[in-house]
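Some notes on the structure that comes next.
Every chain is numbered from 1, with letters handed out A, B, ... down the list of sequences. For clarity, every value in this text was computed on a predicted model and none was experimentally measured.
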Amino acid sequence: MSIQAVRGMKDVWPEEARKWQRVEALARQVFHAFGFGEIKTPVLEKTELFARSIGEATDIVEKEMYTFADRSGDSLTMRPEATAGLVRAYIESKNYAQPGPHKLFLIGPMFRHERPQKGRLRQFHQIDVEVLGDEEPQGDAEIILMLDQFLKKLGLGKVIIKLNSLGCPACRPGYRQALLDFLGSRRGRLCEDCRRRLDTNPLRVLDCKAESCQEAAQGAPNMADHLCEACQSHFAKVRQLIGAAGVDYELDPRLVRGLDYYIRTTFEAVAGDLGAQNAVAGGGRYDGLIEALGGPAQGGIGFAFGLERLSLLLPDEETPLAPELYIAALGEEARDWSFSAAAQLRGQGVWVELSPQDKSLKAQLRRANKLNAAQVLIIGPEEIKAGRGQLKDMAGGGQEEIPLDQVAARFAPPSP
RNA sequence: GUGGCUAUAGCUCAGUUUGGUUAGAGCGCCAGGUUGUGGCCCUGGAGGCCGAGGGUUCAAGUCCCUCUAGCCACCCCA
């Protein structure tokens, strides 16, 4: 059997790549206006980086990472997300010594060893956005506004931004305990998964889909009521700013994210029509992460969206790419002429196609039609002798005689 | 990682229930009808180890097992 691609890893062919290019071009344009610069970081990092940032007990670190020992014995991991590597680069460069906030974005592949399904791959691609060296609520608002603008300009219809605050190290433990007290008394009514969640991440019980858990969670304490004063005013300011900026969002007290480092503001962009994999973008604030990775006590916030998932929501490109000129040549002399003529035209930036073989005129025209060529230049022994070719307009079907030495000029780009 | 569905021509799919002569269709591709003119139409042609491996049987695309991949749900996430 022939060799197959690795499970969960897909080839992106030109038609699909065009959609990605459109998305990336728009991202670069929108992010530029907000002052973000593009960064590239390595796909491989030391395993320890992810263990320390994402959290030892998270699903990603426990069972989804592509981890291996390199030839020198170091444990390396293919990045499962972008934030950790980006923060590492930030600390390593000591750019934190320059006044912030530092606004960066990164486009590239991520790797997670999960069971593939639609919208979920083992190698997938993210556009990741981070603001480092800033704790102010304006930063949260700005980045959410940027996400909202981007999605709106992309023209996606039904995308909702969900927003929540997870509190901070000062107030979350208190909430967590209150929630545990509440749910602990109802342990018997929880599903098997949720009993496990009581130990790992009790907040997740809140958005369990099992009916019994939904009922058991009725009347559970709300994070919003347990936020400390600082978190409360931070969250209020974020909401005030994005509300005034016209961002459509809804509060979702059950929005809990799976990475340990998130605190305070978390958000997610959710689309219908994507089945279970409906989150097209997600992110949040992670003050404390930079310090935990050996940097200064600076804040940070960011989000990422998945190119594959966005692409699933986008219509195919409506205008197919088509050559401007197809040269149908009959006989060796004409074919030789067409080759050098094409070289000159292509040098001018004109998309020219030639027939790969010396086929009948009919076959060459069929191919020109197939490729959707705008015009066809027909040349054979007679035309070479006369120095004049037949230029055919494929849409209308009409055809005119043109001196061969004027072909290049005819397709010259308009002079500036 | 768990459970379910699926895999036949380049593509979309019949055929599998009730095993039985050379495995079909539409679209696409190639050629001819037009000795040098595309699309529409007509005619003809090429193209399949029926996902891979093993088993049952006189006989397997069809039944059984294993593997691989895709899809759906869970878990989790982009």
Side-chain angles (χ1 to χ4, degrees), chain A residues 1-10 23 54 57-64 79-83 107-129 147 191-194 196-197 200-201 204 207-210 255-259 262 266 268-271 274-283 302-313 326 328-331 334 355 357-383 389-399:
Chain A
M1 195 166 51
S2 57
I3 297 174
Q4 294 176 294
V6 174
R7 181 171 200 193
M9 307 207 173
K10 269 175 53 175
V23 173
I54 299 169
T58 57
D59 278 14
I60 291 178
V61 172
E62 268 186 351
K63 49 190 193 194
E64 292 175 4
R79 62 180 178 204
E81 56 98 43
T83 307
I107 303 178
M110 308 293 157
F111 303 83
R112 288 180 203 171
H113 192 104
E114 296 183 273
R115 184 102 154 216
Q117 62 188 80
K118 191 186 226 75
R120 179 160 73 192
L121 299 165
R122 289 184 172 180
Q123 173 174 336
F124 59 103
H125 297 76
Q126 288 190 334
I127 301 184
D128 183 78
V129 174
L147 171 65
C191 70
E192 201 180 319
D193 284 332
C194 281
R196 182 177 49 79
R197 289 188 180 108
T200 55
N201 195 343
R204 284 226 165 266
D207 68 349
C208 181
K209 284 156 192 122
L255 176 62
V256 179
R257 314 215 71 247
L259 284 62
Y262 285 123
T266 56
E268 216 170 75
V270 180
L274 273 187
Q277 269 59 52
N278 63 353
V280 294
F303 71 86
F305 50 84
L307 273 171
E308 284 86 355
R309 287 188 189 175
L310 278 179
S311 181
L312 286 172
L313 296 171
Y326 190 99
L330 297 160
S355 290
Q357 295 116 20
D358 190 4
K359 292 209 176 184
S360 69
L361 180 59
K362 180 180 188 156
Q364 297 192 47
L365 280 170
R366 244 203 300 264
R367 191 168 115 91
N369 185 61
K370 191 95 199 160
L371 293 174
N372 226 343
Q375 300 190 78
V376 175
L377 180 66
I378 299 167
I379 47 167
E382 294 163 29
E383 283 77 7
Q390 300 292 331
L391 189 60
K392 183 180 178 85
D393 176 69
M394 291 300 275
Q399 145 176 343

Tell me every residue that passes side chain to side chain donor-acceptor pair (under 3.5 Å) with [X], counting only those two or more places apart in sequence or in another chain.
X        : answer
A:Ser355 : A:Tyr326, A:Gln364
A:Arg112 : none
A:Glu308 : A:His125

I need the A:Ile378 CD1 to A:Leu361 CG distance, nearest 0.5 Å.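 Reported value, rounded in 0.5 Å steps: 5.0 Å.
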To the nearest 0.5 Å, how far apart are CG in A:Leu391 and CD in A:Gln375? 4.5 Å
Using the [atom1] atom in both, what is the distance from [N] to [M], to the nearest Å?
N     : M     : atom1 : value
B:U35 : B:C50 : P     : 43 Å
B:U17 : B:U62 : P     : 10 Å
B:G28 : B:G45 : C1'   : 14 Å
B:A9  : B:A25 : C1'   : 11 Å
B:U6  : B:U21 : P     : 25 Å
B:C30 : B:U8  : P     : 24 Å
B:A23 : B:A46 : P     : 14 Å
B:C64 : B:G70 : C1'   : 23 Å

Once side chain to side chain contact (heavy atoms under 4.5 Å, CB included) is applied, do any residues pair with [X], and if so which ones, sequence neighbours excluded?
X        : result
A:Glu268 : A:Leu255, A:Arg257, A:Val270, A:Ala279
A:Lys370 : none
A:Lys63  : A:Asp59
A:Asn372 : A:Pro320, A:Ala322

Which part of the nucleic acid, if any, lies within contact of [X], taking any heavy atom under 4.0 Å across all strands shown: a base, the sugar-phosphate backbone alone, or nothing?
X        : answer
A:Glu114 : base
A:Ala304 : sugar-phosphate
A:Gly8   : sugar-phosphate

If you check the A:Ser360 side chain, which of B:C75, B:G32, B:C71 turns out closest?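 Per side-chain heavy atoms of A:Ser360, the pick is B:G32.
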Mind calculating the distance between [atom1] ([X]) and [atom2] ([N]) to the nearest angstrom?
X        : N     : atom1 : atom2 : result
A:Gln357 : B:C29 : CD    : P     : 15 Å
A:Asp59  : B:C75 : CG    : P     : 11 Å
A:Ile60  : B:C75 : CD1   : P     : 16 Å
A:Ile3   : B:G51 : CD1   : C1'   : 16 Å
A:Tyr262 : B:A78 : OH    : C1'   : 10 Å
A:Arg120 : B:C72 : CZ    : P     : 10 Å
A:Gln4   : B:G70 : CD    : C1'   : 10 Å
A:Glu81  : B:A78 : CD    : C1'   : 11 Å

Locate the shortest heavy-atom distance separating A:Phe124 from A:Phe111; write the atom from each residue and the value.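 Taking A:Phe124 first and A:Phe111 second, the nearest heavy atoms are CE2-N, 4.2 Å.
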Mind listing the closest non-hydrogen atom pair of A:Ala82 and A:Met110 along with its distance? CB-CE, 3.5 Å
Can you tell me the pairing partner of [N] across any strand shown, Watson-Crick or G-U wobble, with both distances under 3.5 angstrom?
N     : result
B:U62 : none
B:G3  : B:C72
B:G44 : B:C30

Residues in salt bridge (Lys or Arg N to Asp or Glu O under 4.0 Å) contact with A:Arg122, at least two apart in sequence or another chain: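 Not a single residue meets the salt bridge (Lys or Arg N to Asp or Glu O under 4.0 Å) criterion with A:Arg122.
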List for me each residue that meets salt bridge (Lys or Arg N to Asp or Glu O under 4.0 Å) alongside A:Glu383, sequence neighbours excluded, and say none if there are none.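 By the salt bridge (Lys or Arg N to Asp or Glu O under 4.0 Å) rule, A:Glu383 matches no residue at all.
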Between N or O atoms, less than 3.5 Å apart, protein on one side and nucleotides 44-49 of chain B on the other: list the pairs.
none

Does the side-chain ring of A:Phe305 lie flat on the base of B:A78, meaning centres under 5.5 Å and planes less than 30 degrees apart? no
May I ask you to verify if any side-chain N or O of A:Lys359 is less than 4.0 angstrom from the OP1 or OP2 atom of B:A31?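 Yes.
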Is A:Arg7 near enough to B:G70 that one of its side-chain N or O atoms lies under 4.0 angstrom from OP1 or OP2?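 Checking A:Arg7 against B:G70: at least one side-chain N or O falls below 4.0 Å of OP1 or OP2.
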Strictly under 3.5 Å: I want the nitrogen or oxygen pairs between protein and nucleotides 4-13 of chain B, one per line.
none

Just wondering, do A:Ile54 and A:Glu81 contact through their side chains at under 4.5 Å, heavy atoms?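 A side-chain contact under 4.5 Å exists here.
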For A:Val6 and for A:Leu121, locate the closest nucleotide of RNA chain B by heavy-atom distance; then report the residue assigned to the nucleotide nearer the 5' terminus.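 Result of the comparison: A:Val6.
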Could you write out each protein N or O paired with an N or O of nucleotides 36-40 of chain B at a distance under 3.5 Å?
{"residue": "B:G36", "atom": "O6", "partner": "A:Glu382", "partner atom": "OE1", "Å": "3.2"}
{"residue": "B:G36", "atom": "O6", "partner": "A:Glu382", "partner atom": "OE2", "Å": "3.0"}
{"residue": "B:G36", "atom": "O6", "partner": "A:Glu383", "partner atom": "OE1", "Å": "3.4"}
{"residue": "B:G36", "atom": "N1", "partner": "A:Glu383", "partner atom": "OE1", "Å": "2.8"}
{"residue": "B:G36", "atom": "N1", "partner": "A:Glu383", "partner atom": "OE2", "Å": "3.0"}
{"residue": "B:G36", "atom": "N2", "partner": "A:Glu383", "partner atom": "OE2", "Å": "3.1"}
{"residue": "B:U37", "atom": "O2", "partner": "A:Lys392", "partner atom": "NZ", "Å": "3.2"}
{"residue": "B:U37", "atom": "O2", "partner": "A:Gln399", "partner atom": "OE1", "Å": "3.3"}
{"residue": "B:U37", "atom": "N3", "partner": "A:Gln399", "partner atom": "OE1", "Å": "3.1"}
{"residue": "B:U37", "atom": "N3", "partner": "A:Gln399", "partner atom": "NE2", "Å": "3.1"}
{"residue": "B:U37", "atom": "O4", "partner": "A:Gln399", "partner atom": "NE2", "Å": "2.9"}
{"residue": "B:G38", "atom": "O2'", "partner": "A:Asn369", "partner atom": "ND2", "Å": "3.4"}
{"residue": "B:G38", "atom": "N1", "partner": "A:Met394", "partner atom": "O", "Å": "2.4"}
{"residue": "B:G38", "atom": "N2", "partner": "A:Asn369", "partner atom": "OD1", "Å": "3.0"}
{"residue": "B:G38", "atom": "N2", "partner": "A:Met394", "partner atom": "O", "Å": "2.8"}
{"residue": "B:G38", "atom": "N3", "partner": "A:Asn369", "partner atom": "OD1", "Å": "3.2"}
{"residue": "B:G39", "atom": "O4'", "partner": "A:Asn369", "partner atom": "ND2", "Å": "3.2"}

